[in-house]
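Everything on this sheet refers to the single structure shown next.
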Amino acid sequence: MAPDWVRSAKRLCVLTGAGISAESGIPTFRGPGGLWREYRAEDLATPEAFARDPKLVWEWYDWRRGLVAQAEPNAGHHALAQLESVVPEFTLITQNVDGLHRRAGNRKMLELHGNLWRTRCTRCGKEVDDTRVPLPEIPPTCECGALLRPAIVWFGEPLPPDVWHNAEEAARTADVLLVVGTSAVVYPAASLAPLAKASGARVIEINTGATPLSDLVDCSLRGAAGEVLPRLLQ
Ligand code: BV8
Ligand code: ZN
């Protein structure tokens, strides 16, 4: 069933969340290991938290950058890179900021929430790639002297409009949507599955547990992404 749908898809869209990177050793946000010190992501990934304590927020990001720098893409990431090369129209939409999809080889990719390896100046808006681990100075500053922030979408901030527009378009026109490793509680990303479904796509969920989407989807594959995704390709 699901493997046939995926293999015969002309327009395949994939939405991923933190669960796909779990097998690379990156903790998910809402699962075990989701706390850093005593904080939840919702406490730190906000403009208010950054305004209050930029050093604390940057220490969290510096820690996460260190984890990701030591991690490798896993079998789930590699399966999605392979899918991109065989499906005629493919779009990977990710909520993740870790860059592991790119390292696995995906290029037709929309990063909804930005990227861990990019900074943006809070005054002049200049964006710069910075892959240094650990950062030599926390919080880092721009050459203009102002504070830098991660080029990441925090709670309460809008997603980049062009990226979001393309994501909606990909979901609306897909004949199959794969939803992988997301708790589907963060919006607007979570709205892509009902959008695809209402537009006629078959929706397949791959997750180790149930989510608010599980009742909506056409097929729920319970298991680890790194095991289930390669099986879809066999
Ligand atoms: C916006 C970057 C408008 C940070 C992140 C009340 C109701 C509804 C909505 C709202 C509300 N109050 C506020 C909102 C809106 C809010 C929102 O959705 N809040 C929720 C939480 C209530 N959204 C926003 O604020 C968004 N912006 O709405 O803007 C606007 C418009 C105009 C002008 C101004 C504003 C912006 C949201 C962006 C937040 N950014 N990320 C960073 O990473 O540093 S959030 C964070 O959650 C993560 O980064 C991730 O991107 C996102 C989603 O999490 P998941 O990826 O799903 O991860 P999670 O841990 O939850 O789940 C893991 C899953 O994997 C689990 O299901 C588990 O079972 C599974 N799993 C585990 N292991 C495996 C596995 N599955 C398979 N294999 C395995 N091995
Ligand atoms: Zn600047």
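Note that ligands are numbered from 1 as they come in the structure, with each ligand's atoms numbered from 1 the same way.
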Any side-chain heavy atom of [X] sitting closer than 4.5 Å to one from [Y]?
{"X": "Thr91", "Y": "Val14", "result": "no"}
{"X": "Leu44", "Y": "Trp58", "result": "no"}
{"X": "Asn207", "Y": "Arg222", "result": "no"}

Shortest protein contact, [atom] (heavy atom only):
{"atom": "atom 1 (C) of ligand 1", "result": "Glu157 O, 3.5 Å"}
{"atom": "atom 57 (O) of ligand 1", "result": "Thr182 OG1, 2.6 Å"}
{"atom": "atom 25 (O) of ligand 1", "result": "Gly156 N, 2.7 Å"}
{"atom": "atom 40 (N) of ligand 1", "result": "Val153 O, 3.0 Å"}
{"atom": "atom 28 (O) of ligand 1", "result": "Tyr187 O, 4.0 Å"}
{"atom": "atom 67 (O) of ligand 1", "result": "Asn207 ND2, 3.0 Å"}
{"atom": "atom 74 (C) of ligand 1", "result": "Gly19 O, 3.4 Å"}
{"atom": "atom 56 (O) of ligand 1", "result": "Ala18 N, 2.7 Å"}

Contact bool for [atom] (protein heavy atom, d < 4.0 Å):
{"atom": "atom 35 (C) of ligand 1", "value": "yes"}
{"atom": "atom 77 (C) of ligand 1", "value": "yes"}
{"atom": "atom 10 (C) of ligand 1", "value": "no"}
{"atom": "atom 45 (S) of ligand 1", "value": "yes"}
{"atom": "atom 32 (C) of ligand 1", "value": "yes"}

Please classify the [X] to ligand 1 contact at 4.0 Å (heavy-atom distances, strictly less than): side chain, backbone, both or neither.
{"X": "Leu116", "result": "neither"}
{"X": "Ala22", "result": "side chain"}
{"X": "Val97", "result": "side chain"}
{"X": "Ile152", "result": "side chain"}
{"X": "Gln95", "result": "both"}

### Task
Indicate whether any N or O donor in one side chain lies under 3.5 Å from an N or O acceptor in the other, for Ser183 and Thr211.
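There is no such pair between these side chains.
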### Message
Would you say that more than 12 heavy atoms from the other residues, nucleotides or ligands in this model lie under 6.0 Å from the NZ of Lys108, or not?
### Response
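Yes.
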### Task
Taking atom CD of Glu143 as the centre, report whether more than 12 heavy atoms of other residues, nucleotides or ligands fall under 6.0 Å from it.
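12 or below, so no.
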Given 3.5 Å as the limit, does a donor-acceptor pair link the side chain of [X] with the main chain of [Y], or not?
{"X": "Glu168", "Y": "Leu192", "value": "no"}
{"X": "Asn115", "Y": "Ile152", "value": "no"}
{"X": "Asn166", "Y": "Val163", "value": "no"}
{"X": "Asn96", "Y": "Ala18", "value": "yes"}

### Task
Mind telling me whether His77 and His101 have parallel, tilted or perpendicular rings, with 30° and 60° as the class edges?
perpendicular
### Message
Can you check the angle at the Zn ion (ligand 2) formed by SG of Cys124 and SG of Cys121? Round it to the nearest 10°.
### Response
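Reported to 10°, the angle equals 100°.
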### Message
Quick check: Tyr39 with Trp60 (ring centres under 6.0 Å apart)?
### Response
no
### Task
Look at atom 75 (C) of ligand 1 and find which of Thr211, Thr28, Val179, Thr208 reaches it with the closest heavy atom.
Thr208
### Task
Look at ligand 1 and say whether Gly223 reaches it with a heavy atom at a distance under 4.0 Å.
yes
